[in-house]
J.: 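What follows is a structure written as structure tokens; I'll ask about it next.
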Amino acid sequence: MLAKAGLEAKKTRAALEALLKEAGQVRIDKIAALESLDAKRRGILFEVEQLKAERNKASQEIAKKKAAKEPADEILARMKEVSDRIKGFDEQVAAVDRELDDLLLGIPNVPHASVPLGCGEEDNPEVRRHGEPGAMAFAPKDHVDLGAALGILDMDRAAKLTGARFSVLAGDGARLERALWTFMLDLHREKHGYLELLPPFMVNSTSMRGTGQLPKFEADLFKLANTDYYLIPTAEVPLTNYFAGEILPEAALPVKFCGFTPCFRSEAGSYGKDTRGLIRQHQFNKVELVKFAHPDKSYEELEGLTADAEQVLQRLGLPYRVVTLSSGDMGFSAAKTYDLEVWLPSQKRYREISSCSNFEDFQARRANIRFKGDAKGAKPAFVHTLNGSGLAVGRTWVAIVENYQDGNGRVAVPEVLRSYLGGKTHLEPSKPLG
RNA sequence: GGAGAGAUGGCUGAGUUGGUCGAAAGCGCUCGACUCGAAAUCGAGUAGGGGCCCGAAAUGGUCUCUCGAGAGUUCGAAUCUCUCUCUCUCCGCCA
């Protein structure tokens, strides 16, 4: 799949050489293997195409002879042999393609030059802050206690219905969640120029491969029994694969999508982490932003996308900061990532609420998404893909409930949300079920 | 779930005794002629991917692959066989 889409050996080589310069990421063996496989592929291709040319020519001759009722037995015999050789070469090419794919699928993206080197979370430099955590004259409660008191969150019955790491929102809690994602979509659609898509919540394995969830991270996904379908862990998967295998007109770039979906994650390996409340769930809601950008513009677009996500926090009046992920904390497929972290009074710290990444051509290669200029001889080239949460709705719900609590059991509704909640200014304790 | 029909270039649509078919025709689009200008008319061009060659680059040259996807038969497949995907029609079921 990848090899057929064109390996672009020079580009790959340059990228891999860049990898070599990264501290602690020596991959000489992989580069050598890639190069030799690529050379091998071209060599075989050259041979087999010559044979095919011979066969095509002979085919015409045979047709002519047959039409003239002349015998063509010796050409036929000769071509049978040529045909066998072609078959052999074709199989070799297919085998090399498979090897190349296996190799390429296992190589993580190369961090952009501006990404700070580091070992993990503790090395992520802060880029900027916005807003001040409000000084509270009382001990802030966390969203679980507040939610229970307000009658808007029910963890116990969710556990009964399904299991751990699920939740039920009730009454104004459900309404608040719905208001949030509607507000987010309206903002991105009206003010930021994104096209709203409502995609399937499950996709096939090809799509999962396109954005990089497969083959390496199958354990993080929920798969539907007896099918090739997976529940999406993020709308990034359907929104990015939307153009898989296509060539976009250059003039259409950048293409900007926003979409709301539930997200499903098995959270394998996170046992004991964030076990309380809504922070880490198997199912949560998210509004996602996705861009397909010209390679020359993708880092500008990343800044813009991050700013678009920040707008949500600013308009909701939530204090947050932006950090750049260091090389050691970055995901498998990203070239550069900014995390937005919102202030949570109950934890007295900033927690991730959005992750905005430029994948450069990493996903575009896997999903084979290209663009082409209008000029006559223009060659297709891979687009750059970007995405970011704008925002994770559940965590935004948490941030609002915690940051807007007034100490008397009430929670103020941010100005921009009131029209979505029938003008309501506060959430007050109530028992929706009597 | 049952029965049947289909998938061809930007679009519509020919092609089904396998052989100069990557493909008729029409529409659309581009350029040119006519016109003060436009319409109409006339003429020419017009699928895409990949490799290689020439070149600073563009233009260009050449080979190859692609008629939903994959496999097969054959010297040769849009045309024959198998599997899969999708679309449409009828029946059943259902929000």
Side-chain angles (χ1 to χ4, degrees), chain A residues 1-13 34-101 104 198-210 214 224-230 238 241-252 262 295-296 361 364-383:
Chain A
M1 160 183 58
L2 291 172
K4 269 186 212 155
L7 182 59
E8 280 191 42
K10 273 182 215 156
K11 162 73 172 111
T12 304
R13 207 167 292 149
L34 269 184
E35 281 191 330
S36 81
L37 273 176
D38 182 46
K40 190 170 165 192
R41 181 170 189 276
R42 283 161 191 254
I44 302 170
L45 222 50
F46 183 75
E47 297 248 359
V48 76
E49 286 194 359
Q50 279 191 326
L51 286 177
K52 282 181 178 170
E54 189 185 340
R55 183 181 68 186
N56 289 345
K57 238 176 250 156
S59 273
Q60 294 193 356
E61 253 177 77
I62 294 170
K64 247 183 245 168
K65 294 214 178 204
K66 291 245 168 171
K69 312 239 159 153
E70 290 174 32
D73 291 349
E74 9 90 49
I75 310 187
L76 243 55
R78 213 174 68 230
M79 282 311 111
K80 182 149 181 68
E81 193 189 318
V82 168
S83 208
D84 283 344
R85 288 176 62 199
I86 288 174
K87 200 172 280 181
F89 278 124
D90 276 345
E91 276 162 20
Q92 285 184 45
V93 172
V96 171
D97 280 353
R98 273 195 302 276
E99 271 187 79
L100 271 172
D101 282 354
L104 287 167
L198 183 58
F201 302 159
M202 46 184 103
V203 300
N204 58 34
S205 57
T206 303
S207 297
M208 285 296 185
R209 190 173 298 264
L214 291 179
L224 291 151
N226 305 320
T227 71
D228 185 42
Y229 299 158
Y230 295 80
N241 281 289
Y242 191 75
F243 286 131
E246 299 192 31
I247 299 175
L248 306 173
E250 184 171 11
D296 295 344
D361 63 8
R365 283 172 185 281
R366 294 171 160 243
N368 196 19
I369 306 169
R370 294 177 287 177
F371 74 95
K372 195 175 71 164
D374 246 352
K376 220 184 233 165
K379 282 281 178 188
F382 290 112
V383 299

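Here is how names work: the chains are called A, B, and so on, in the same order as the sequence lines, proteins then strands, and each is numbered from 1. On a predicted model such as this, the values are computed, not experimentally measured, just so you know.
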J.: Sort out the partner of B:rA39 for me: Watson-Crick or G-U wobble, both distances under 3.5 Å, none otherwise.
T.: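 Pairing partner, where one exists within any strand: none, as none qualifies.
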J.: Work out how far the P atom of B:rC11 is from that of B:rU16, and round it to whole angstrom.
T.: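 Pairwise P distance, B:rC11 against B:rU16, rounds to 23 Å.
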J.: Just by distance, with hydrogens left out, do A:N204 and A:S207 show a side-chain donor and acceptor under 3.5 Å apart?
T.: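 Yes, a side-chain donor-acceptor pair sits under 3.5 Å.
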J.: Can you measure A:R85 atom CZ to B:rC75 atom C1' for me and round it to whole angstrom units?
T.: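 Nearest whole value for this atom pair: 15 Å.
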J.: Quick one: look up who B:rC93 pairs with, Watson-Crick or G-U, both distances under 3.5 Å, and put none if it's unpaired.
T.: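 B:rC93 is unpaired by these criteria.
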J.: In terms of side-chain heavy atoms of A:Q60, which of B:rU20, B:rG19, B:rC65 is nearest?
T.: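 That would be B:rU20.
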J.: Please report, rounded to the nearest Å, how far the C1' atom of B:rU74 is from the CZ atom of A:R55.
T.: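 It is 10 Å, rounded to the nearest whole Å.
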J.: B:rG19 phosphate, OP1 or OP2: any side-chain N/O from A:N56 under 4.0 angstrom?
T.: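 It does not, given that no N or O in the side chain of A:N56 lies less than 4.0 Å from OP1 or OP2 of B:rG19.
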J.: Over all strands shown, is A:I247 touching base, sugar-phosphate only, or nothing at heavy-atom distances under 4.0 angstrom?
T.: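 A:I247: backbone/sugar contact only, no base atoms under 4.0 Å.
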J.: Would you mind reading off the distance between A:D84 atom CG and B:rG72 atom P, rounded to a whole angstrom?
T.: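 To the nearest whole Å, that distance equals 13 Å.
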J.: Quick one: look up who B:rG26 pairs with, Watson-Crick or G-U, both distances under 3.5 Å, and put none if it's unpaired.
T.: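 B:rC11 is the nucleotide pairing with B:rG26.
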J.: Given B:rC52, B:rG49, B:rC75, identify the nucleotide with an atom nearest to the side chain of A:R42.
T.: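 When the side chain of A:R42 is considered, B:rC52 is the closest of B:rC52, B:rG49, B:rC75.
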J.: Distance check: side-chain N/O of A:S83 vs OP1/OP2 of B:rG76, anything under 4.0 Å?
T.: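 Indeed, a polar side-chain atom of A:S83 lies that close.
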J.: Say we look at B:rG68 and B:rU41: how far apart would their P atoms be, to the nearest angstrom?
T.: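 The same atom, P, in both gives a distance of 34 Å.
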J.: Identify, between A:I62 and A:F46, the residue whose nearest nucleotide on RNA chain B lies closer to the 5' end.
T.: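 Counting from the 5' end, the first nearest nucleotide belongs to A:F46.
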J.: Among B:rG50, B:rU64, B:rC75, which is the nearest nucleotide to the side chain of A:R370?
T.: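 The listed nucleotide nearest to A:R370's side chain is B:rG50.
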J.: Taking NZ from A:K65 and P from B:rU20, how many angstroms apart are they, rounded to a whole number?
T.: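 Nearest whole value for this atom pair: 18 Å.
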J.: Does this structure show an ion pair linking A:D101 with A:R209, if we count only N-O contacts that are shorter than 4.0 Å?
T.: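 Judged by the 4.0 Å cut-off on N to carboxylate O distance, A:D101 and A:R209 do not form a salt bridge.
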J.: Run through A:M79, A:E91, A:R55 and flag the one making a side chain to side chain contact (heavy atoms under 4.5 Å, CB included) with A:I86.
T.: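 Testing A:I86 for a side chain to side chain contact (heavy atoms under 4.5 Å, CB included) against A:M79, A:E91, A:R55 leaves exactly one candidate, A:R55.
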J.: How many whole angstroms separate atom CD of A:Q50 from atom P of B:rC65?
T.: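 Rounding to the nearest Å, CD of A:Q50 and P of B:rC65 are 13 Å apart.
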J.: Given B:rG49, B:rU20, B:rG76, identify the nucleotide with an atom nearest to the side chain of A:P380.
T.: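 Of B:rG49, B:rU20, B:rG76, B:rG49 is nearest to the side chain of A:P380.
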J.: More 5' along RNA chain B: A:L45 or A:I75, using each one's nearest nucleotide?
T.: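 Nearer the 5' end of the strand: A:L45.
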J.: Examine B:rG76: is either OP1 or OP2 under 4.0 Å from a nitrogen or oxygen in the side chain of A:R78? Give yes or no.
T.: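 Result: no.
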J.: Measure from the side-chain heavy atoms of A:Y229 and tell me the nearest of B:rG50, B:rC86, B:rU20.
T.: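 Minimum distance to the A:Y229 side chain belongs to B:rC86.
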J.: If the C1' atom of B:rG10 is compared with that of B:rC67, how far apart are they to the nearest Å?
T.: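 My reading of the C1' atoms in B:rG10 and B:rC67 gives 16 Å.
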J.: Could you check how far NZ of A:K87 sits from P of B:rU73, rounded to whole Å?
T.: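 After rounding, the reported distance stands at 4 Å.
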J.: What integer number of Å spans the C1' atoms of B:rU64 and B:rU59?
T.: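 These two C1' atoms come out 22 Å apart once rounded.
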J.: For the pair made of NZ in A:K80 and P in B:rC75, what is the distance, rounded to whole Å?
T.: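 Whole-Å distance recorded here is 4 Å.
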J.: By the definition side chain to side chain contact (heavy atoms under 4.5 Å, CB included), identify the one residue from A:P380, A:P295, A:P249 that meets it with A:F371.
T.: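 With A:F371 as partner, side chain to side chain contact (heavy atoms under 4.5 Å, CB included) holds for just one option, A:P295.
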J.: Starting from P on B:rC63, measure out to CD on A:E54 and report it in whole angstrom.
T.: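 So the CD-P distance, A:E54 to B:rC63, works out to 14 Å.
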J.: Reckon A:A53 touches a base, only the sugar-phosphate, or nothing at all at heavy-atom distances under 4.0 Å?
T.: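 Touches sugar-phosphate only.
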J.: Between A:K80 and A:D84, does any NZ, NE, NH1 or NH2 come within less than 4.0 Å of an OD or OE carboxylate oxygen?
T.: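 Answer for the salt bridge query: no.
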J.: Can you check the distance between B:rA40 and B:rA23, where both ends of the measurement are the P atom (answer in whole Å)?
T.: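 Looking at atom P only, B:rA40 and B:rA23 are 29 Å apart.
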J.: Considering only the C1' atoms, how many Å lie between B:rG15 and B:rU85, rounded to the nearest integer?
T.: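 About 24 Å, rounded to a whole number of Å.
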J.: I need the A:E47 CD to A:F89 CZ distance, nearest 0.5 Å.
T.: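 So the gap between those two atoms works out to 4.5 Å.
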J.: When rounded to the nearest Å, what value does the distance between C1' atoms of B:rA39 and B:rG49 take?
T.: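 So the two C1' atoms sit 40 Å from each other.
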J.: Considering Watson-Crick and G-U wobble pairs with both distances under 3.5 Å, what does B:rC88 pair with?
T.: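 Paired with B:rC88, as far as the under-3.5 Å criterion goes, is B:rG4.
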J.: Which nucleotide sits closest to the side chain of A:K372: B:rG48, B:rG51, B:rC75?
T.: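 Out of B:rG48, B:rG51, B:rC75, the nucleotide with an atom closest to A:K372's side chain is B:rG48.
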J.: Pairing check on B:rU62: which nucleotide meets the Watson-Crick or G-U wobble criteria with it, both distances under 3.5 Å?
T.: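 Per the H-bond distance test, B:rG51.
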J.: With C1' as the reference atom in both, quote the distance from B:rU8 to B:rC86 in angstrom, rounded to an integer.
T.: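 Here B:rU8 and B:rC86 have their C1' atoms 16 Å from each other.
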J.: Distance check, rounded to the nearest 0.5 Å: A:M202 atom CE versus A:T227 atom OG1?
T.: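 A:M202 CE to A:T227 OG1: 8.0 Å, rounded to 0.5 Å.
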J.: What I want to check is whether the side chains of A:N368 and A:R370 have a donor and an acceptor closer together than 3.5 Å.
T.: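 Note: A:N368 and A:R370 side chains meet the donor-acceptor criterion.
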